[in-house]
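First the proteins, then the strands, lettered A, B, ... as listed; each starts at 1.
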Amino acid sequence: MPDNDAPKSMEDLVALCKRRGFIYPASEIYGGLNGFWDYGPLGTELKNNLRDAWWNDMVKSPPVGPNGEPLVILGLDSSIIQHPKVWEASGHVGGFNDLMVEDSETKKRFRADHLQGIYLLEPAGDMKVGEPYLVTSLMERAPDHTLVASSPAEALSILIAERKMQKLMGIRALKSNPLSGHSLGKPPYAAVWVDTDHGSRYVYAESVPIDVLQSLPGSIPSPFTGDKGALAQPRQFNLMFQTYYGAVFDEDHKTYLRPETAQGIFLNFKNVVDTMRVKVPFGIAQIGKAFRNEVTPRNFIFRSREFEQMEIEFFCHGDDAPMWYEYWCEVRKNWWQSVGLTGDNIQMRQHENEELAHYAKDGCGTFDIEYRFPFTHPGFGELEGVAHRSDFDLRQHREHSGAKLEYFDQERNERYLPHVIEPSGGLSRGVLALLCEAFTPTPERKGSKYVMCFHPRMAPVKAAIFPLVNKEGMPEIARKLYDDLRTRWPVQFDVKQSIGKRYARMDEAGTPYCFTIDGETLEDQTVTVRERDTADQKRIAIDQVARYVADETGG
RNA sequence: GCGGGCGUAGCUCAAUGGUAGAGCGCCAGCCUUCCAAGCUGGAUGUUGACGGUUCGAGUCCGUUCGCCCGCUCCA
């Protein structure tokens, strides 16, 4: 079984994935494309198995709810390309078209051109000319030792009002009205003549130039905390893939590839309610591709630019949201364990307030289900987030589209926007977690260097059928067994080379069972079952093989 | 995005500026009665890409793409 104490080698895993047809670098013959990967034959089977298990367990046969009744979860498959206004309503467009600066402590962002500083024109004490000491921005009011304003003039008027600020700058008196203040050349938008401990001088405010932000990020205090050194380099956050619909590339037809599948569900909430005879609480589920221009794609398929999500939006009354939130955290963790992620490698983690996404601010929080990947070891990486999105999305779409999205609850005799609990899992990341969990070096075993210990339900190939030797009627019997099994499962038939080599090949593919026809089969109609993880063998009747595979693989 | 390392056969790696090779794997045949056994034969390369220097570049120089590590980042 996997040794969970030591991190496994990602390099070796990536090599095995390519060698055995799980995952290839995308566009490899052209040199590859950063942030994209292709699934090979075995990887596709693996991903399909994980996807089908989710769809079966969440949609076709959903879990039982707190009241003992099975939940109602309905499937959906919405467009990857949606109306451009969707992404304005969802909040994805707003913050990400301009250069943004992020405070690494609070995770808050502001537009770089909204960052404004108040400068001294002459040295005063420790302060130097041209270096920003107090910083303002358009963001909401910050802790008391920084200024927040929508314009330099406003910043200065706050400076006038706030005696503490004056103290920080060594200002004893303001001599002129800043709002009628001096023009000081290239655009100090406002200035004020002040008395300080070191004499009289100008103070003025202007946007902090981009090159100053880039060269001196450590010297600029954060507008949120006033701390220096917390601001990251300003950068363009073009998170979404732009595209155009229609044959003409015209700005009116610009839209985006979806960065999450969730919005398609919100767009169809009303359709589903109107057509499917459902009552709140219920869920809508969707599996599909999503696209994000990640700043730094890395760690194999963990952060790629094209990936696949498995999302449920579970609609409920706001009062019941905390209960459903707890419920889904439990259901989803159990599910990941059921597909083979067990032990200490999986954990739940509550988000801190600062890291909550924009849509989750008002909810009861976000739980991450995390997996200890080799590249995060001993830390963990996100596999799924269970978030309370409150009624944020339906409210946004109601405002932007004008559609009536309220739900009328007959039992409560109340019209309301449902709240949403969102278990949002990464299918691609799930595949990676399955690969990492299964990947087991076996230096002690003579046969194979690696075994992929997949849960039998997830294994891309369920079984292999071998004649022990390629003669004496064995291949014919093996072939008949193979023909029988292949209509129900992905199985392989192999007569070539030594039996040990064939077992070893199946170990690397993660095939859980090998059935071998040997001399004894000819006498008593039994075959050996060779188990992947232990290499143990036992005999079963040849006519029981199909039942054995069905029992062991859950199908 | 920054710094460092690395790109040669499917994989792991050789090859003073002078004819691109080995092992493993793969394929075929033989052999083989349970864990990459053995024998024989075979296929496989735009040396990541583009340009430059040179009589001649896998090797030197420049650019670019990709991968790995550390920062950074990851609404």
Side-chain angles (χ1 to χ4, degrees), chain A residues 9-21 24-37 40 87 90-97 100-102 104 107-109 214 217 230-240 259-260 262 292-300 302-305 307 355-361 375-376 381-382 385 387 429 442 444-451 466-472 474 495-508 514-522 527-532 534-539:
Chain A
S9 159
M10 277 309 288
E11 212 173 323
D12 292 350
L13 174 58
V14 172
L16 182 142
C17 281
K18 182 180 173 185
R19 184 157 41 88
R20 296 312 310 257
Y24 309 125
S27 307
E28 194 184 9
I29 61 172
Y30 287 99
L33 191 60
N34 187 300
F36 297 90
W37 299 86
W87 307 112
S90 70
H92 286 87
V93 169
F96 299 100
N97 283 341
M100 302 290 287
V101 179
E102 186 177 89
S104 61
K107 302 288 180 192
K108 290 179 178 173
R109 286 188 185 73
Q214 285 169 336
L231 294 185
Q233 289 270 327
R235 52 172 32 152
Q236 197 85 37
F237 280 81
N238 281 332
L239 213 60
M240 290 191 288
E260 63 176 20
R292 299 181 191 181
N293 261 321
E294 295 291 352
V295 178
T296 313
R298 206 173 270 198
N299 290 327
F300 203 23
F302 182 77
R303 178 170 295 116
S304 49
R305 292 187 162 128
F307 58 102
E355 55 180 325
L356 289 176
H358 63 272
Y359 52 73
K361 293 271 187 249
F375 49 83
T376 59
E382 180 184 349
R429 285 186 177 182
T442 52
E444 76 287 350
R445 198 188 281 191
K446 263 199 307 178
S448 57
K449 299 179 183 71
Y450 301 102
V451 179
F466 303 145
L468 184 58
V469 293
N470 198 17
K471 61 180 182 185
E472 294 176 19
M474 294 180 205
V495 302
K496 299 287 187 180
Q497 296 163 322
S498 72
I499 191 73
K501 191 174 281 195
R502 283 177 275 167
Y503 284 148
R505 278 196 284 248
M506 286 299 116
D507 285 342
E508 277 195 347
C514 294
F515 299 100
T516 301
I517 282 70
D518 58 16
E520 209 175 318
T521 308
L522 307 171
V527 299
T528 61
V529 186
R530 184 262 192 187
E531 206 275 331
R532 175 196 63 201
T534 60
D536 289 343
Q537 294 185 17
K538 61 180 175 185
R539 299 199 75 86

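Between the side chain of A/Arg292 and the backbone N or O of A/Pro259 there is at least one donor-acceptor pair closer than 3.5 Å.
Comparing the same atom, P, in B/G5 and in B/G42 gives a spacing of 43 Å after rounding to whole Å. As rounded to the nearest Å, B/G38 and B/G45 have C1' atoms that lie 30 Å from one another. Only the C1' atoms considered, B/U19 is 28 Å distant from B/C6, to the nearest whole Å. Comparing the same atom, P, in B/G70 and in B/G10 gives a spacing of 29 Å after rounding to whole Å. Atom C1' of B/G23 sits at a distance of 26 Å from the matching atom of B/G18, rounded to the whole Å. If you take atom P in B/C67 and the same atom in B/C11, they sit 15 Å apart, rounded to whole Å. When the C1' atom is compared between B/U47 and B/A75, the two are found 43 Å apart, to the nearest whole Å. Between B/G7 and B/A15, the two P atoms lie 11 Å apart (nearest whole Å).
At whole-Å resolution of the value, CG in A/Asn470 and C1' in B/G38 are 17 Å apart. For the pair A/Glu11 CD and B/G7 P, the computed distance is 12 Å after rounding to whole Å. Rounding to whole angstrom units, CZ of residue A/Phe300 and P of B/C69 are separated by 12 Å. One atom, CG of A/Asn293, and another, P of B/G1, lie 11 Å apart when rounded to the nearest Å. For A/Ile499 and B/C35, the CD1 to C1' distance is 8 Å, given to the nearest whole Å. We find that CZ of A/Arg19 is positioned 9 Å from P of B/U12, with the value rounded to whole Å. In this entry the distance linking CD of A/Gln497 with P of B/C39 reads 14 Å, nearest Å.
The side chain of A/Glu260 lies closest to B/A75 when the candidates are B/C67, B/A36, B/A75. Side chain of A/Asn299, nearest nucleotide from B/C67, B/G1, B/C69: B/C69. Closest approach to the A/Ala535 side chain among B/A37, B/C35, B/A75 is made by B/C35 (side chain taken as heavy atoms from C-beta onward).
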Report task. Could you provide the dot-bracket string of RNA chain B, using ( ) for intrastrand pairs, [ ] for crossing pairs and | for bases paired to another strand, with Watson-Crick or G-U pairs below 3.5 Å? Result -> (((((((..((((....[..)))).(((((.......))))).....(((((..]....))))))))))))....

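Among the heavy atoms of the strands, none lies under 4.0 Å from A/Arg502. Residue contacts shown for A/Glu508 include a base, since a base heavy atom lies under 4.0 Å away. When heavy atoms are screened at a 4.0 angstrom cut-off, A/Asn34 is found touching the sugar-phosphate backbone but no base atom. Within the 4.0 angstrom heavy-atom criterion, no nucleotide atom of any strand lies near A/Ala15. Counting any heavy atom pair closer than 4.0 Å across all strands shown, A/Pro259 reaches a base atom. Residue contacts shown for A/Gln537 include a base, since a base heavy atom lies under 4.0 Å away. Across all strands, A/Glu472 comes closer than 4.0 Å to base atoms (heavy-atom distances).
Donor-acceptor pairing under 3.5 Å, judged by distance alone, is present between the side chain of A/Tyr503 and the base of B/C34. No N or O donor and acceptor, one from the side chain of A/Arg298 and one from the base of B/C68, sit under 3.5 Å apart.
Between A/Leu468 and A/Arg502, the shortest heavy-atom contact is O-NH2, 3.2 Å. Residues A/Lys18 and A/Tyr24 approach most closely at O-CE2, 3.5 Å, considering heavy atoms. For A/Phe302 against A/Gly381, the heavy-atom pair with the smallest separation is CZ-CA, 4.1 Å. Heavy atoms only, all atoms of each residue included: A/Tyr450 and A/Thr442 are closest at N-OG1, 3.7 Å.
Nearest-nucleotide positions on RNA chain B for A/Leu468 and A/Leu33 put A/Leu468 closer to the 5' end. Residue A/Arg305 is the one, among A/Arg305 and A/Phe375, whose nearest nucleotide of RNA chain B lies closer to the 5' end (criterion: closest heavy atom).
In this structure, CG in A/Asn34 is found 9.0 Å from CZ in A/Arg298, a value given to the nearest 0.5 Å. Atom CG of residue A/Leu16 and atom NZ of residue A/Lys449 lie 11.0 Å apart, to the nearest 0.5 angstrom.
Within the 4.0 Å cut-off from OP1 or OP2 of B/U32, at least one side-chain nitrogen or oxygen of A/Lys471 is found. Taking 4.0 angstrom as the limit, A/Lys496 places a side-chain polar atom (N or O) nearer than this to OP1 or OP2 of B/G29. Applying the 4.0 Å criterion to OP1 and OP2 of B/C35, one finds that A/Lys501 has every side-chain N and O outside that range. Remark: A/Arg505 is in phosphate contact with B/C26, judged by side-chain N or O atoms under 4.0 Å from OP1 or OP2. An OP1 or OP2 oxygen of B/C34 is reached within less than 4.0 angstrom by no side-chain nitrogen or oxygen of A/Thr528. The shortest distance between the side-chain N/O atoms of A/Lys449 and the OP1/OP2 oxygens of B/G25 is not below 4.0 Å.
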Query raised in the report: What's the verdict on side-chain contact (heavy atoms from CB on, under 4.5 Å) for A/Phe466 and A/Val495, showing C-alpha distance, side-chain angles and the deciding distance?
Result: CA-CA 6 Å; A/Phe466 303 145; A/Val495 302; over 6 Å; no

**Report entry** Residues A/Arg20, A/Arg505; criterion side-chain contact (heavy atoms from CB on, under 4.5 Å); working and verdict
**Finding:** CA-CA 9 Å; A/Arg20 296 312 310 257; A/Arg505 278 196 284 248; 4.0 Å; yes

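Take A/Ser304 and apply the side chain to side chain contact (heavy atoms under 4.5 Å, CB included) test, not counting sequence neighbours, and it matches A/Trp37, A/Phe307.
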